[in-house]
Structure formats: C-alpha cells, structure tokens
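Since the structure comes first, as structure tokens, the remarks are kept for the end.
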Amino acid sequence: MIGLFCFCVWSAEAQRARGELRIEVHDPRGAAIAPSGELVSEANQFRRTFVTATDGHYVAQDLPFGVYRLSLRAEGFAPWSNLIEIRSEVPVRASITLGVAPVTTQVQVNDSATLVDQSRTGAIYALGQQAIEEQLSAQPGRGLSSLVNEQPGWLYEANGVLHPRGSEYDVQYVFDGLPLTQNRSPAFAPAFDADDVESMRVLTASFPAEYGRKLGGVVEVTTAKDAPSGLHGLFDADGGSFSTVTGSAALSYAAGKNRLSVSANGFHSDRYLDPPVLENFTNRGNAAGVSSSYERDFSDRNRLRITVIHNEVRFLVPNELVQQVALQRQDITNGETTGQIYFQHTISRSLFLSFSGSVRDADATLRSNPSSTPVIVSQQRGYREGYVRGDLAGHHGHHDWKTGVDSIFSPVHEALQYTITDFMQFDAGIKSPFAFAASKWDIEPAAYVQDQWHRGNWNVSAGLRFDHYGFVVQESAWSPRVGVSRYVPSMNLLVHVSYDRVFQTPAMENLLLASSPLLVAIEPVVLRLPVRPARGNYYEAGVTKSFLGKLRLEANVFRRDFHNYSDDDVLLDTGVSFPIAFAKARIAGEEVQVAMPRWGRFSGYLSYANQSGLGQGPITGGLFLGDKAANALTDTRKFAVSQDQRNTARARVRFQAERRVWLAMSAQYGSGLPADTGGADFNTLVEEFGAAIVSRVNLQRGRVRPNLSLDAAVGAEIFRKEERSATIQVQVTNLTDRLNVLNFESLFSGTGVATPRSVSARVKFTF
C-alpha cells in the first residue's frame with residue numbers, strides 16, 4: 001500500500017470544476033491595505049466574509065464556477081464593489097486600488113447580479129454553507145444526502161439510497177476532487193462529516209467530459225479551505241429521539257503558508273436504517289471517524305495538500321416480524337480509510353497544471369446469528385482502490401479548456417457463506433450450505449478533452465471522453481458531450497440545451513459473486529449473464545430566469561434513453577444485493593424550482609418534479625435463480641422502473657425573526673413508488689409486515705400510497721464575541737406523525753418505513 005501511495009504522489013489530478021481568486025489590495029500610492037471583504041454568488045448559494053492579510057493579499061480557494069460580487073471595506077477608504085467571473089481552474093488575479101473615502105459613497109453592484117449564471121449550459125443546484133450547517137437529520141449519517149434529496153429530480157428509497165432521474169445507484173460523489181463511484185448510502189458506506197463541508201453542487205445533465213463512470217447524478221462536495229490565522233476550533237453535540245447522540249470536533253491552525261486541520265466525529269442511534277415494520281426491531285447503529293489535512297503554499301504558483309480520513313460504522317439489519325420472533329440478528333460493519341494527495345502548479349496567467357492521487361481501503365462484513373431465518377449468511381468483501389490523474393487547464397480568448405487522463409486500479413475481493421434454515425421458502429433442490437470466494441483486479445483508464453466557449457451572450461460547452469472498463473468484462477467507449485445556451489439580458493433569461501453520451505460502469509458491490517460460475521450449482525434452474533456497462537443518451541432543455549432581483553426560476557425537461565439499464569437484485573433472502581441489467585429503459589420528466597436566496601428576512605424554495613420511467617426486457621446481465629430465470633431471456637414486457645415516482649413536491653421557508661433567531665418550515669410530498677409484492681396474498685403480507693404497513697400500499701395499482709411530511713426548525717445564536725460563538729437548534733421531523741412507507745421490496749427487509757415524528761437538537765461552539 002505504501003508503494004502505491006508513493007506512486008500516486010507523482011501522478012494525476014482529481015476532478016475539480018472549481019476555480020481560485022487571488023486578491024491584492026493597495027492604496028493610490030501602492031501601499032498595502034488590509035480591508036475586510038465579502039464574496040457572494042447567489043446562483044451558487046455562496047457567501048463568505050474575510051479579512052485580507054497585512055500585506056493586502058487574500059486567496060479564495062475552491063470557488064464553484066460562476067459570477068461573484070466582491071466587496072471591500074477599509075476605514076478611511078471608499079467602499080469598493082465589483083463583479084468577478086470564475087470560469088476556469090486557472091487562478092483569477094484581482095489587483096484593487098481603494099480610493100480615499102468621499103463624504104458620501106454609493107456602491108452600485110448588488111447581489112441580484114449574481115442570481116443567474118449567464119454562462120451555464122445546464123441546470124446546477126447549489127447548496128451553501130448556511131443550508132449545510134442548518135441541516136439536522138432525524139437519522140444520523142444522512143445530513144448531506146438529505147440535502148441532495150431535496151433537489152428536483154432526486155428520490156430517496158429505503159435506507160437513504162439516492163436515485164437521480166430514475167437511475168439506480170449511479171451517483172458519483174466528488175469529494176474535494178476525489179471521485180467516489182461506489183454506493184454511498186448508509187447501508188453500504190460510512191457517511192461524510194457535514195461539519196467539514198463548505199458547499200455542494202448537484203448536477204444531473206450537461207456533464208463536463210472530465211466526469212465519467214457513474215453519471216446518474218454528480219454531487220460535488222467541497223470542504224472548507226479558508227482557514228484564518230492562528231488556532232481555531234469547532235465542537236457540536238446533537239441529541240434526539242431513538243436515543244440518538246451525535247458529536248463532532250475540529251481544530252485548525254494556520255501560520256504563514258502552512259495550514260493544518262484535524263477533526264473527529266461519531267454517533268449512536270437506535271434507528272439507523274429504515275425498518276420494515278412499525279416496531280423498529282434491531283436497528284442500532286454506531287459510527288466513528290477521524291480526518292486530518294495539511295496544506296502548504298510553497299509559492300504563489302505551487303500548493304500541496306495531503307488528506308487522511310478514516311471512518312467506520314457498525315449497525316444491525318432491522319428484522320421483519322417473523323425474523324424477530326425467531327430472534328434473528330444480522331451485524332454489518334463498513335470501514336473506509338483514504339489517503340489523498342494533491343499538487344497544483346500555475347504555469348502562467350493562462351495555464352494551470354495539477355496532479356493528484358489517492359489510495360482507499362474499503363471493507364464490509366455481514367454476519368448472521370444461528371437463529372436467522374430463512375438463511376444464515378456471512379460475508380466479507382472489500383477493495384483497495386488506487387486513483388491517479390493529471391490535468392492541464394487553460395484560458396485563451398473566449399475559451400476555457402481542460403484536458404487530462406485518469407485511471408482506477410482496484411484489487412477486489414469477495415467471500416460469502418450461507419446456510420438455509422427454512423427450506424419452505426425456496427425451490428426444491430437448492431444447494432445448502434454454500435461457500436464462495438474470489439478476487440480480481442478492476443482497471444479503468446480514461447482520457448478527456450473539453451472546452452467552454454463564451455462570446456457575447458452565447459455559450460457553448462463541448463467535450464469528448466474515452467473510457468475503458470476492465471473488470472468482469474472488457475469494454476471501451478467514446479462519449480461526446482455538448483451544451484449550448486443563450487442569455488437574453490432584457491429578460492434576465494438563460495435558455496439552454498444539452499446532450500450527454502454516457503458510459504456507466506456496473507456497480508462493483510458483489511459483482512464477482514453474481515458473475516461466478518460456482519453459482520450455477522446452487523439451484524436447478526440458473527441464468528448467469530455478465531453485467532455489461534450501460535450506455536445512455538441524455539437530453540435536457542431548460543430556462544433560468546430571475547424575477548424582481550430576488551427570485552430565480554429553474555425549469556427543465558429531460559429524457560434519458562438507456563441500453564443495458566442497470567438495476568439490482570438480492571441473492572435468495574440473504575440481504576446481499578448485486579447488479580443486474582435490462583435491455584433498455586427510458587426516463588423522461590419535467591422539473592421546476594423557484595428559489596428565493598434572500599428577500600429581506602425570508603429565504604426558501606418551492607419545487608415540483610414529474611417523472612415517468614419505463615424499463616423493458618429481456619434480461620441482459622446478472623444472476624437469476626428458479627422462477628426468475630425461467631423467462632428472463634424471452635420476457636420483453638415493459639415495466640415501471642423502481643424509481644418511477646410520478647409526482648414529487650418540496651418546499652421550505654426560512655424567516656430571520658431577528659438578527660440572532662431564525663425559524664423554518666418545510667414539506668415534502670411524493671405520489672408513491674412502484675410496489676412489487678411478488679404475488680403474495682394479503683394475509684401473507686400482513687403476517688410479514690403488519691396491517692398498518694400493508695394499508696399504506698395500493699395492492700391493486702401496485703404502488704405505495706402517497707407520502708407527506710411536515711418539518712419545523714428553530715435556531716438561535718446565543719453568544720458571539722469576535723470569532724467565538726455558540727448556537728442552538730431544535731428540529732421536529734414529521735410533525736403530524738404520519739405513517740409514510742418509502743417503498744416495498746427494499747434491499748434488506750422488503751420494505752422501508754420513513755421516520756415517525758421525532759425531535760432533534762444541536763448545540764455548536766466555535767472559537
């Protein structure tokens with residue numbers, strides 16, 4: 001591992017799509033000034049205050065591309081304000097002269113000028129620091145994913161699994177430039193610590209060519225880099241219903257060109273996953289994590305950053321009624337350790353070079369006790385992922401271009417054993433006990449080139465990406481991407497269209513198991529097909545418009561056409577899921593969001609999404625046993641994909657009651673996901689899940705009945721003096737205590753019940 005990590009030091013840069021602003025401030029005679037400043041972009045939900053160093057310099061890192069209002073104030077000088085555009089990873093330099101203060105001063109630039117990014121070629125939903133800090137999830141480990149779920153086109157299934165625009169698991173997190181393409185839901189991986197995160201951006205179309213492998217949706221996560229000089233820290237503690245306790249602490253120290261930060265977090269909860277029954281049996285979860293980061297500016301042109309993170313979560317799989325009677329217990333442990341290194345070099349005012357690499361060890365275990373029914377199962381799987389990348393970005397005339405190469409090198413290992421305890425639940429002749437073990441390298445090189453062209457009110461983004469996938473199968477593909485937009489100044493209106501060709505690699509989780517010839521012997525009838533990458537064509541058209549300088553409308557229509565559409569299935573009743581694929585699928589819909597970043601004391605949003613998803617057989621990849629295998633190759637019927645929720649609406653209103661107190665109300669509505677009862681009769685379903693749960697499923701229509709949740713929150717700053725502060729927040733989730741069933745036939749237990757009425761509270765201290 002050490003050798004591979006050293007190799008990564010000399011290779012590659014991860015995906016970023018972020019820029020940098022370098023400010024130098026002086027007076028009319030050229031002497032340095034140290035003013036206070038503010039950097040604001042309403043389109044990116046970004047707001048940062050700062051104080052320049054005594055030499056008049058300040059560097060703002062990791063700025064999402066867009067338009068910013070930069071304002072500076074210094075005693076004895078006239079206030080200064082102007083718009084700054086960040087369009088490339090090449091740092092933008094601003095040398096600013098503050099004039100002597102006149103008797104009266106009027107600043108002309110305001111935040112409304114940053115409401116609409118005039119250069120975008122697709123819809124991007126931004127989440128700023130305020131939204132992240134005020135997110136208080138009723139279930140730990142879901143803070144960031146719950147914020148993503150609030151964006152148009154995204155849906156939760158049971159156990160916090162995110163689905164963007166009908167895609168199954170094809171979510172890519174880009175964490176400080178490191179792409180994470182594995183399943184990041186609470187049941188599969190430890191969660192990110194939200195206290196470390198400064199901003200997020202969510203994309204579902206018009207993807208830059210540098211993004212690949214998993215393109216259902218991309219979530220860019222950026223941690224805070226603006227460390228003030230000296231020693232500073234943060235501590236917060238949360239508590240709430242279901243014996244939930246969460247805590248985190250962080251320290252940072254900056255001196256000169258060096259910055260060091262360390263943090264730790266952990267939680268306990270008696271409701272970690274979404275249980276299949278009202279009683280919430282065996283649903284305890286515990287987690288802990290630590291991280292550290294060191295950054296040094298060797299000069300204005302060179303920067304190095306090293307980050308090490310370790311997280312682990314241990315939890316129980318919630319039981320159904322029958323399993324609880326049998327005293328079943330299933331334990332899962334997920335651990336992850338990551339080392340990341342990043343180096344950047346500014347070649348000139350128009351060229352920027354960067355390298356980075358990472359090594360990530362991930363391990364997951366599942367253990368069942370002897371009372372488990374209908375299967376006793378144990379599993380251990382994991383991988384050691386090496387990632388390397390190198391990029392060159394430049395700016396020339398009306399062009400902001402970028403090109404690069406990257407690759408993933410991952411030895412993957414899987415082991416599984418099961419013993420059947422209730423043969424009545426399975427076909428005659430099934431093999432028991434069964435044991436499996438395998439390992440294989442996953443190698444995925446890629447290269448890309450992309451360009452952003454801006455001229456007048458026209459914008460064009462174009463890119464081409466090459467991917468090779470080498471795991472269970474060997475396939476390669478070229479993926480062109482193009483987006484065009486036109487800004488109409490007289491109407492404050494941006495019109496955009498885009499096309500994305502995507503090449504999506506299969507989910508890694510248990511893919512070796514599903515592909516193994518050993519499984520041919522476990523049942524008399526078995527169908528085993530290699531799971532190939534999905535190929536898709538994404539189309540989007542939309543508009544972005546501002547109203548009254550306070551409101552922003554985002555409206556989009558989209559369509560996605562897939563070949564080898566990916567989904568997942570479960571091996572027997574073990575809770576071990578693996579990828580499968582259907583011949584094709586089409587997902588289409590409309591999305592509308594009206595956002596109010598700030599209007600006096602109010603802020604908030606209202607969104608609506610209509611979506612329809614149809615898949616079609618036959619099966620083209622995966623493992624199918626018994627009855628499932630009999631007609632898999634000949635069944636060409638169309639069916640609603642498991643994420644086919646036709647109507648979704650969400651709203652939130654926040655009111656700043658006075659300078660230190662705020663109130664918020666939010667609501668979420670969903671018309672219901674498809675329900676697959678497997679032909680079971682009503683009495684059998686009641687025996688497994690209870691009458692109350694079954695009543696929330698329309699068995700005739702084959703859909704979960706509509707769900708609705710109302711939430712309320714209040715927060716207050718109870719102390720502030722210079723950089724020391726204390727805040728408190730209380731939130732009530734599902735105020736009406738409505739029984740909401742998320743979906744039937746979920747991954748672990750067959751269905752998932754959303755959180756009942758619960759109360760959460762947080763206290764946070766900073767210094």
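These numbers come from the heavy atoms of this one structure, side chains and all, not from hydrogens, waters or symmetry mates.
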Salt bridge flag under 4.0 Å for residues [X] and [Y]:
| X | Y | result |
| --- | --- | --- |
| R654 | E134 | yes |
| R360 | E385 | yes |
| R762 | E133 | no |
| K764 | D238 | no |
| R381 | E509 | no |
| R213 | D170 | no |

Is it the case that more than 12 heavy atoms not belonging to [X] sit under 6.0 Å from its [atom1] atom?
| X | atom1 | answer |
| --- | --- | --- |
| R367 | CZ | yes |
| R646 | CZ | yes |
| R705 | CZ | yes |
| Q380 | CD | yes |

Atom pair [atom1]/[atom2] of [X] and [Y] - distance to nearest 0.5 Å:
| X | Y | atom1 | atom2 | result |
| --- | --- | --- | --- | --- |
| T574 | L416 | OG1 | CG | 6.5 Å |
| T282 | N319 | OG1 | CG | 3.5 Å |
| S291 | N265 | OG | CG | 7.5 Å |

Check: When you look at D331 and T333, which way does the side chain to side chain donor-acceptor pair (under 3.5 Å) test go after all the steps?
Finding: CA-CA 7 Å; D331 292 75; T333 300; over 6 Å; no
So does [Y] get a backbone contact from the side chain of [X], meaning a donor-acceptor N/O pair under 3.5 Å?
| X | Y | answer |
| --- | --- | --- |
| N510 | L513 | no |
| S368 | V377 | yes |
| K214 | Q182 | no |
| N334 | A187 | yes |
| N707 | G672 | no |

Least distance between heavy atoms, [X] atom then [Y] atom:
| X | Y | answer |
| --- | --- | --- |
| E591 | A609 | CG-CB, 4.2 Å |
| Q135 | S146 | NE2-CB, 3.6 Å |
| A514 | L519 | CA-CD1, 4.1 Å |

Notebook entry, point to check: With P674, which of D644, V704, V641 fulfils side-chain contact (heavy atoms from CB on, under 4.5 Å)?
Noted result: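 Answer after filtering D644, V704, V641: D644.
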Checklist line | Steps toward salt bridge (Lys or Arg N to Asp or Glu O under 4.0 Å) verdict (D274, R142) | finding: CA-CA 12 Å; D274 299 312; R142 306 192 189 190; 3.2 Å; yes
Check: Using the ring of each side chain (for Trp, its six-membered ring), is F267 parallel, tilted or perpendicular to Y272, with breaks at 30° and 60°?
Finding: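 F267 vs Y272 ring planes: parallel.
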Between [X] and [Y], does any side-chain donor sit less than 3.5 Å from a side-chain acceptor?
| X | Y | answer |
| --- | --- | --- |
| Y156 | S145 | yes |
| Q645 | T648 | yes |
| Q379 | Y418 | no |

Item checked: R165 to F558 six-membered ring, cation-pi geometry met (6.0 Å, 45°) ->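 Geometry flag: set, cation within 6.0 Å and 45°.
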Check: Does R560 make a cation-pi contact with Y538 (under 6.0 Å, within 45 degrees of the axis)?
Finding: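 Checked: cation-pi criterion met.
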Check: Quick check, are the ring centers of F582 and Y565 under 6.0 angstrom apart?
Finding: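 No, the ring centres sit 6.0 Å or more apart.
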Notebook entry, point to check: Can you name the residues that form a ring-ring contact (aromatic ring centres under 6.0 Å, His included) with F175, not counting sequence neighbours?
Noted result: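 Counting only residues at least two positions away or on another chain, F175 forms a ring-ring contact (aromatic ring centres under 6.0 Å, His included) with F192.
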